Structures are given as C-alpha cells and as structure tokens.
Engineer: 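Encoded as structure tokens, here's the structure I'll be asking about.
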Amino acid sequence: MDNTGPVVDLIREAFHYQSRFEGSTMVFKIDYPVIGDPGFPYLMKDLALLARTGFRVVIVPGAKEWIDAVLREYGIVSRYSGSTRITTLDALPFVEMAAFHVATRVMTGLAAGRSGGHALGPGSRSGAGGGPVDAVIGNFVRARGLGVEGGVDMEYTGMVDRILTHSIGRVLDLGMVPILPCIGWSPAGKPYNVSSDEIALAASTALGAIKLFIVTLESGLRASAYKLPETVQTGENGRIIRLTPQDAEEILAMNPGSPLDELRLALRASHAGIERVHIIDAREEGAVLRELFSNLGAGTMIYTDDYEAIRPLKNRDIPDILRLMEPLMQQGVLVRRDGENIREKKDDYAVFEVDGSVHACAALHDWGEGQGEIAAVATDPTYAHMGLGRRMVRCLIDRAGKQGLRRVFVLTTRTQDWFELLGFRECSLDSLPERKRRGYDKARGSKAYALELTD
Ligand SMILES: CC(C)(COP(=O)(O)OP(=O)(O)OC[C@H]1O[C@@H](n2cnc3c(N)ncnc32)[C@H](O)[C@@H]1OP(=O)(O)O)[C@@H](O)C(=O)NCCC(=O)NCCS
C-alpha cells in the first residue's frame with residue numbers, strides 16, 4: 001500500500017464541496033487588520049481563485065482601525081454613542097476616503113494575479129492558482145441615518161436600508177467580485193458611514209448567501225481560552241471546529257466580558273438564517289480553502305443546517321463503511337464482514353454522516369431474550385476523539401431502549417476500556433442470549449461487556 005490515501009480522500013472531499021457549492025454566493029467580511037498582514041495577498045489569491053472557478057464572491061472590508069488612524073492624522077476626535085462612532089460633517093470626507101482606500105487595497109489584492117503571481121515575490125508560499133479577477137467597488141448599499149438616539153444626534157452614521165441585490169447580481173453574473181465599502185447612500189444621495197458588520201449581515205441575507213466568512217487575525221476560537229459547554233467538539237490545538245447556535249449562545253453566556261465579537265456576529269448571522277458562518281484566521285495559509293473544501297476545515301463553523309447526522313445505513317453507504325472497517329478487520333479488531341453480510345442486516349446499521357460523507361458506523365443486532373449486541377463500531381481515524389463513536393453508541397443504546405430491549409452487550413478484544421467509559425461492565429458469556437453463545441468464536445476469545453437498560 002502507498003501512502004496517497006489521505007491525499008486522495010482530500011481530493012474527493014474537495015470535489016464533493018466544489019460541486020455542492022459552485023454557483024453559490026459567499027460573503028467575506030474581512031477585518032481591517034487582515035489587510036496589513038503578510039497573509040493578505042494569499043487570502044486575496046484564494047478568493048480570486050474561487051471567483052474564477054464559479055463561486056459568487058462578495059467582499060465587505062472592515063475599515064474601523066484605518067478610519068481611526070486617518071481621523072487621528074487630521075486631528076479629528078471621534079465621539080461615540082456606546083460603541084458606535086458619531087460621524088460628524090467634518091469627519092465624513094475622511095471617513096469616505098479611508099473606506100475607499102481600504103476597498104481599493106482589496107481590489108488591488110484581487111488583481112495581483114495579473115502579473116502572473118510575481119507580485120507575491122520570490123518567497124511566495126502558494127504558487128498554485130494565481131490569476132486575476134476583476135472587482136467592482138460600488139454603491140451597493142442604500143442607507144438611512146440613525147437619526148437621534150437617546151437625545152444624541154448620530155449625524156452621518158447610518159444603517160443599512162437595503163442592499164441593492166440587483167446591481168450586485170449583475171456584477172456577479174459577469175464573474176466579477178463586488179466590494180462593499182462601509183459607506184451607504186440615501187435615495188437622495190446623502191452618504192452615511194455604516195458598520196461593515198451590519199453590511200456583511202444584510203448582504204448575506206439579502207443575497208441568499210450560503211456562507212458568511214468572518215476573516216480575522218484572532219487565533220481562532222480555542223478551547224483553552226474560554227469556558228465551553230461539554231457538547232462542543234475540539235480538534236487539533238484545541239480549535240473549536242464547529243458550534244451550533246445553541247453552543248455559541250452558551251459560550252457567550254459562560255464567558256461574559258470576553259472579546260468574542262466575531263462569535264456574536266456569527267450568531268446574529270446564524271439567527272438571520274445563514275446556514276454556515278465560518279470564523280477564520282487569515283494568518284493560516286489556505287484557511288478559506290481548507291474551511292470550504294474539507295470537512296474538518298481550518299476555523300470555527302457555526303452551523304444550523306443538517307451538516308452532520310446519525311442516520312440509517314443506505315445501500316450506497318456500504319462501500320464507505322467497508323472502507324472504514326477494512327483496516328480494523330485486517331488487524332482483527334473487528335470481525336470480518338463483507339458487503340453481503342452488511343446488506344442482509346442493513347436495518348441494524350447506523351452511520352454518521354458529515355456533509356454527505358460517512359465517517360463512522362455501528363450496528364445493533366437483536367439476538368432475542370431482550371438483548372441486543374452493539375457491533376461493528378468504527379470511526380474514521382481522521383475524525384477520532386471527536387465523540388462520533390460515543391454518539392453512535394449512545395444512539396444505538398437509545399434505539400435498543402425504544403425497541404424494548406433490556407440489555408445491550410458487546411464482544412470485544414481490545415476496546416473494553418472504551419466501553420467501560422460508556423458505562424458497560426464485564427459480564428459472563430453465560431449471560432448472553434443462547435443463539436449468540438452458540439456462535440461464540442472461542443479462538444477469538446472476545447470478552448463480553450454489557451449495559452443494563454432497565455436499571
Ligand atoms: C473505539 C472507537 C469507535 C472510538 O471512536 P471515537 O469516535 O474516537 O470515540 P470518541 O471520540 O467517542 O471517544 C474517544 C475517546 O475514547 C478513547 N479510546 C478510543 N479507543 C479506545 C480504546 N480502544 N480503548 C480505550 N479508550 C479508547 C480515546 O482515547 C478518546 O479519549 P479522549 O477523547 O479523551 O482523547 C474508534 O477508536 C475505533 O473505530 N476503534 C476501532 C474499532 C473498535 O475498536 N470498535 C469497537 C469494537 S465493536
């Protein structure tokens with residue numbers, strides 16, 4: 001066997017997502033500090049690549065820190081109402097200048113591929129896929145003033161009135177990338193400074209985006225930095241891989257005072273109906289592509305759709321679960337089965353699906369006498385330690401209870417400790433159903449562990 005398996009798996013995943021998302025709209029809210037980061041040209045290159053390969057990419061650059069710097073430079077002191085800047089008449093031209101400067105830098109980044117990638121210099125980290133994409137900075141946001149709030153005149157600070165989806169759609173249809181600076185205009189042509197978070201949120205919903213990416217320089221959501229609910233899955237380096245909106249709400253409640261602005265924005269987007277919101281760190285090379293084209297991603301995803309689920313086995317899953325089980329059967333960890341055995345007992349099996357691919361399986365066989373056997377438990381090694389195995393077994397225990405079984409058992413040679421963690425206790429072979437005892441393979445010498453469901 002060669003070691004190309006993981007690469008091939010990655011290519012499969014990438015094709016799966018490419019065909020699934022092609023032609024879909026994705027909004028990228030890019031925090032201003034990202035633009036000054038050495039990783040920015042590579043991020044732009046990846047976004048240009050997506051746009052050229054059929055994704056409808058919309059960019060909303062944040063400009064807050066640059067606006068602060070420009071106003072400071074010109075000696076204009078900003079006043080705030082809460083955390084919202086009051087954009088005064090004298091500040092407005094500078095705010096517009098800063099907003100468009102940032103948008104232009106994004107446009108320049110997207111066009112950098114024009115020079116065949118040389119703009120990235122000889123030390124370029126990412127040689128593949130360079131190439132230009134045209135972008136349009138436009139007046140895509142209809143705004144209105146915030147007016148007077150609690151006695152405070154918000155002057156030229158506005159809110160999104162409407163996203164001009166028709167104009168954005170025309171730009172996207174031409175294969176170009178619309179860039180939405182943090183300025184909107186009233187129907188009478190009066191400019192307002194609008195929060196880029198609000199624009200990203202409004203644009204995502206108005207355009208029916210399937211994803212909103214929040215691109216930051218934060219080092220992602222790490223388990224070590226926050227108190228987390230038990231249900232939250234973490235990956236390598238304690239990265240929080242995905243969260244349901246309920247998890248996100250709990251994290252915000254458990255960590256009052258923590259700077260979790262990205263999570264707050266993600267949660268709002270999720271409540272507004274965006275199925276998947278991704279928070280990614282621009283300093284990680286290829287983070288957008290990895291988040292988009294691989295199941296495990298590179299950032300944190302807040303999801304509300306049927307991203308993953310335990311469901312009954314279908315015939316078409318059989319090759320997938322044989323692939324999961326084959327190395328384990330070879331090692332003697334699992335009893336040998338073939339497609340025919342599995343098909344015969346198809347209804348006993350459940351699989352754990354992540355975005356259309358099967359990553360774990362398990363079966364519950366009813367042996368009569370009120371006892372069910374949990375068998376063929378296998379998790380894709382790439383997905384190990386993420387609770388898939390535990391959830392599969394719990395689901396089957398639940399199923400056994402619903403079927404009126406009084407006990408579930410396993411026969412195992414090497415996984416007894418894991419089943420003990422799940423509450424199973426060693427039991428005598430004599431306590432197993434007669435039919436099972438008759439077929440017991442003495443040469444294998446498995447030990448029996450059981451969980452009483454009636455306790
Ligand atoms: C056992 C198995 C299903 C666990 O899958 P999983 O999805 O990684 O399981 P979970 O995430 O729910 O639990 C992982 C925990 O169990 C522990 N664990 C995994 N295999 C174990 C074993 N053989 N013995 C003891 N503990 C084990 C891990 O250390 C891990 O602990 P951590 O999360 O603190 O790091 C998986 O390792 C597997 O496919 N094993 C081979 C097949 C097998 O043994 N099947 C059972 C016989 S029917």
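Quick caveat, the model's predicted, so the values are computed rather than measured. Only this structure's heavy atoms are used, side chains among them; waters, hydrogens and symmetry mates stay out.
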Engineer: Using the test ring-ring contact (aromatic ring centres under 6.0 Å, His included), find all partners of Phe28 that sit at least two apart in sequence or belong to another chain.
Structural biologist: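 So Phe28 forms a ring-ring contact (aromatic ring centres under 6.0 Å, His included) with Phe213.
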Engineer: Do Asp380 and Thr382 pass the side-chain hydrogen bond (donor to acceptor under 3.5 Å, both in side chains) test, and can you show the C-alpha distance, the side-chain angles, and the key distance before you say yes or no?
Structural biologist: CA-CA 5 Å; Asp380 178 346; Thr382 325; 3.0 Å; yes
Engineer: Could you grab the distance from atom CZ of Arg337 to atom CD1 of Ile321, nearest 0.5 Å is fine?
Structural biologist: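 If we round to the nearest 0.5 Å, Arg337:CZ and Ile321:CD1 are 8.5 Å apart.
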Engineer: So, Ser186 side chain and Ala188 main chain: donor-acceptor pair closer than 3.5 Å or not?
Structural biologist: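 Answer holds: yes.
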Engineer: May I ask you to test the Leu49-Leu289 pair for a side-chain heavy-atom distance under 4.5 Å?
Structural biologist: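 Yes; the side chains approach each other to less than 4.5 Å.
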Engineer: Looking at side-chain heavy atoms only, is the closest gap between Tyr192 and Leu92 below 4.5 Å?
Structural biologist: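 No - every pair of side-chain heavy atoms lies 4.5 Å or more apart.
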Engineer: Going by the rule ring-ring contact (aromatic ring centres under 6.0 Å, His included), which residues pair with His385 if we only count those two or more places apart in sequence or in a different chain?
Structural biologist: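 ring-ring contact (aromatic ring centres under 6.0 Å, His included) check on His385 returns nothing, list empty.
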Engineer: Taking the side chain as C-beta and beyond, is there a heavy-atom pair between Ile374 and Ile397 under 4.5 Å?
Structural biologist: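 The answer is yes; the side chains approach within 4.5 Å.
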Engineer: Answer yes or no: is there a donor N or O on one side and an acceptor on the other, between the side chain of Thr415 and the main chain of Trp418, under 3.5 Å?
Structural biologist: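 No, Thr415 side chain to Trp418 backbone: no donor-acceptor pair under 3.5 Å.
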Engineer: Would you call Arg311 and Asp317 a salt bridge, taking side-chain N to carboxylate O under 4.0 Å as the test?
Structural biologist: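 Salt bridge flag = yes for Asp317 with Arg311.
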Engineer: So how far is it from Thr108 OG1 to Met44 CE, rounded to the nearest 0.5 Å?
Structural biologist: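 Those atoms lie 10.5 Å apart.
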Engineer: If you look only at distance, which donor and acceptor atoms sit under 3.5 Å apart when one is on a side chain in residues 248-261 and the other is two or more places apart or in another chain?
Structural biologist:
unit_1: Glu249; atom_1: OE2; unit_2: His271; atom_2: NE2; d: 2.7
unit_1: Asn255; atom_1: OD1; unit_2: Lys227; atom_2: N; d: 2.8
unit_1: Asn255; atom_1: ND2; unit_2: Lys227; atom_2: O; d: 2.8
unit_1: Asn255; atom_1: ND2; unit_2: Ile251; atom_2: O; d: 2.8
unit_1: Ser258; atom_1: OG; unit_2: Asn255; atom_2: O; d: 3.3
unit_1: Asp261; atom_1: OD1; unit_2: Arg264; atom_2: NH1; d: 3.1

Engineer: In sequence, state the C-alpha distance, the side-chain angles, and the governing distance for Arg239 and Glu284, and then conclude on salt bridge (charged side-chain N to carboxylate O under 4.0 Å, His left out).
Structural biologist: CA-CA 13 Å; Arg239 172 170 62 95; Glu284 281 195 45; 5.9 Å; no
Engineer: Under the 3.5 angstrom rule, does the side chain of Glu275 hit a backbone N or O of Ile210 as a donor-acceptor pair?
Structural biologist: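 Between the backbone of Ile210 and the side chain of Glu275 there is no qualifying donor-acceptor contact (under 3.5 Å).
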Engineer: On a heavy-atom basis, which atom in Tyr32 and which in Ala63 lie closest, and how many Å separate them?
Structural biologist: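 Nearest pair, atom of Tyr32 first, then Ala63: CB-CA, 4.0 Å.
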Engineer: How about Val232 and Pro229: do any of their side-chain heavy atoms sit closer than 4.5 Å?
Structural biologist: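 When only atoms from C-beta onward are counted, Pro229 and Val232 do touch, with a gap below 4.5 Å.
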Engineer: Only counting residues at least two apart or in another chain, list the ones meeting ring-ring contact (aromatic ring centres under 6.0 Å, His included) with Phe94.
Structural biologist: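 ring-ring contact (aromatic ring centres under 6.0 Å, His included) list for Phe94, sorted by chain: Tyr74.
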Engineer: Does any N or O in the side chain of Thr53 come within less than 3.5 Å of the main-chain N or O of Leu50, such that one atom is a donor and the other an acceptor?
Structural biologist: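 Judged by distance alone, yes, a pair lies under 3.5 Å.
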Engineer: What's the separation between atom CZ in Phe352 and atom SG in Cys361, rounded to the nearest 0.5 Å?
Structural biologist: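 Answer for the CZ-SG pair, Phe352 versus Cys361, is 12.5 Å.
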Engineer: Below 4.5 Å, heavy atoms only, C-beta onward: do Ile280 and Ile214 meet side chain to side chain?
Structural biologist: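 With C-beta onward as the side chain, the pair stays apart.
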Engineer: Would you indicate whether the side-chain heavy atoms of Leu328 and Gln331 approach each other to under 4.5 Å?
Structural biologist: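 Side-chain contact under 4.5 Å: yes.
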Engineer: To check you understand the geometry: which heavy-atom pair defines the closest contact between Pro33 and Leu217, and what is its length?
Structural biologist: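 Between these two residues, the closest heavy atoms are O-CD1, 3.5 Å.
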Engineer: Can you name the closest pair of heavy atoms from Ala378 and Leu324 and give their distance?
Structural biologist: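 Of all heavy-atom pairs spanning Ala378 and Leu324, the closest is O-CD1, 4.1 Å.
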Engineer: Could you go through Val377 and Val410, starting from their C-alpha distance and side-chain angles, then the distance that decides it, and tell me whether this counts as side chain to side chain contact (heavy atoms under 4.5 Å, CB included)?
Structural biologist: CA-CA 10 Å; Val377 187; Val410 290; 5.9 Å; no
Engineer: Closer than 3.5 angstrom, by distance alone: can the side chain of Arg276 be matched with the main-chain N or O of Leu212 as a donor-acceptor pair?
Structural biologist: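 Pair absent, no side-chain N/O of Arg276 close to backbone of Leu212.
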Engineer: Counting only pairs under 3.5 Å, give me each side-chain donor-acceptor contact of residues 162-185, with atom names and distances, residues two or more places apart or in other chains.
Structural biologist:
unit_1: Asp173; atom_1: OD1; unit_2: Arg56; atom_2: NH1; d: 3.0
unit_1: Asp173; atom_1: OD1; unit_2: Arg56; atom_2: NH2; d: 3.1

Engineer: List the atom of Gly286, the atom of Asp46, and the distance in Å for their closest heavy-atom pair.
Structural biologist: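 Gly286 and Asp46 have their closest heavy atoms at CA-OD2, 3.6 Å.
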Engineer: Any salt bridge (charged side-chain N to carboxylate O under 4.0 Å, His left out) pairs touching residues 202-211, not counting sequence neighbours?
Structural biologist: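 Passing the test, one end in residues 202-211: no pairs.
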Engineer: Where do Ala51 and Val57 come nearest, in terms of heavy atoms and distance?
Structural biologist: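 So the two residues come closest at N-CG2, 3.9 Å.
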Engineer: Give every residue pair that meets the ring pair (Phe, Tyr, Trp, His ring centres under 6.0 Å) criterion with at least one member in residues 227-255, sequence neighbours excluded.
Structural biologist: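 For residues 227-255: none.
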Engineer: Of the non-hydrogen atoms in Ser196 and Val60, which two are nearest, and what is the gap between them?
Structural biologist: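 Minimum heavy-atom separation between Ser196 and Val60: O-CG1, 3.5 Å.
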Engineer: Going by an N to O cut-off under 4.0 Å, is there a salt bridge joining Arg85 and Asp68?
Structural biologist: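 A salt bridge is present here (some side-chain N lies under 4.0 Å from a carboxylate O).
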Engineer: State, with a plain yes or no, whether a side-chain heavy atom of Met26 is found less than 4.5 Å away from one of Val58.
Structural biologist: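 No. Closest side-chain heavy atoms not under 4.5 Å.
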Engineer: Identify whether the distance between the nearest side-chain nitrogen and carboxylate oxygen of Lys29 and Asp31 falls below 4.0 Å.
Structural biologist: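 Yes.
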Engineer: First locate atom CG of Leu364, then atom CG of Asp348, and finally report the distance between them rounded to the nearest 0.5 Å.
Structural biologist: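 The distance works out to 6.5 Å.
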Engineer: Pair Leu43, Ile30 - check side chain to side chain contact (heavy atoms under 4.5 Å, CB included), show working.
Structural biologist: CA-CA 10 Å; Leu43 171 72; Ile30 302 176; 4.2 Å; yes
Engineer: Between CG of Asp398 and CZ of Arg391, what distance do you get to the nearest 0.5 Å?
Structural biologist: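 With rounding to 0.5 Å, CG (Asp398) is 14.0 Å from CZ (Arg391).
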Engineer: Surrounding CZ of Arg414 (heavy atoms of other residues, nucleotides or ligands, distance under 6.0 Å), is the total greater than 12?
Structural biologist: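 Counting other residues, nucleotides and ligands, CZ of Arg414 exceeds 12 neighbours.
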Engineer: So, using side-chain hydrogen bond (donor to acceptor under 3.5 Å, both in side chains) as the criterion, who are the partners of Arg268 when residues are at least two apart?
Structural biologist: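 For Arg268, the residues satisfying side-chain hydrogen bond (donor to acceptor under 3.5 Å, both in side chains) (neighbours in sequence not counted) are Glu198.
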Engineer: Apply side-chain hydrogen bond (donor to acceptor under 3.5 Å, both in side chains) to the pair Gln416 and Glu420, showing each step before the final yes or no.
Structural biologist: CA-CA 6 Å; Gln416 53 272 34; Glu420 279 193 335; over 6 Å; no
Engineer: Would you call Ile241 and Thr300 a side-chain contact if the rule is heavy atoms closer than 4.5 Å?
Structural biologist: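 Sidechains of Thr300 and Ile241: no contact.
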Engineer: Mind checking the NE2-CD1 spacing from His101 to Ile35? Nearest 0.5 Å is all I need.
Structural biologist: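 One finds 8.5 Å between NE2 of His101 and CD1 of Ile35.
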Engineer: Taking salt bridge (Lys or Arg N to Asp or Glu O under 4.0 Å) as the definition, give me every residue that meets it alongside Arg399, ordered by chain and number, with sequence neighbours left out.
Structural biologist: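 Result, salt bridge (Lys or Arg N to Asp or Glu O under 4.0 Å) vs Arg399: none returned.
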Engineer: Under 3.5 Å, is there a donor-acceptor pair between the side chain of Thr84 and the main chain of Tyr80?
Structural biologist: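 Not a single qualifying donor-acceptor pair exists.
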Engineer: Hey, are Asp90 and Thr88 close enough side-chain-wise for a donor-acceptor pair under 3.5 Å?
Structural biologist: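 A donor-acceptor contact under 3.5 Å links the two side chains.
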Engineer: Considering only distance and modelled atom types, tabulate donor-acceptor pairs under 3.5 Å from the side chains of residues 137-156, sequence neighbours left out.
Structural biologist:
unit_1: Arg144; atom_1: NE; unit_2: Asp161; atom_2: OD1; d: 3.2
unit_1: Asp153; atom_1: OD1; unit_2: Glu155; atom_2: N; d: 2.8

Engineer: Looking at the rings of His359 and Tyr383, which for Trp means the six-membered one, are their centres under 6.0 Å apart?
Structural biologist: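 Under 6.0 Å, so yes.
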Engineer: Mind checking what makes side-chain hydrogen bond (donor to acceptor under 3.5 Å, both in side chains) contact with Glu96, not counting sequence neighbours?
Structural biologist: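 Applying side-chain hydrogen bond (donor to acceptor under 3.5 Å, both in side chains) to Glu96 gives none.
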Engineer: Quick one: ring-ring contact (aromatic ring centres under 6.0 Å, His included) partners of Phe419, sequence neighbours excluded?
Structural biologist: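 Phe424.
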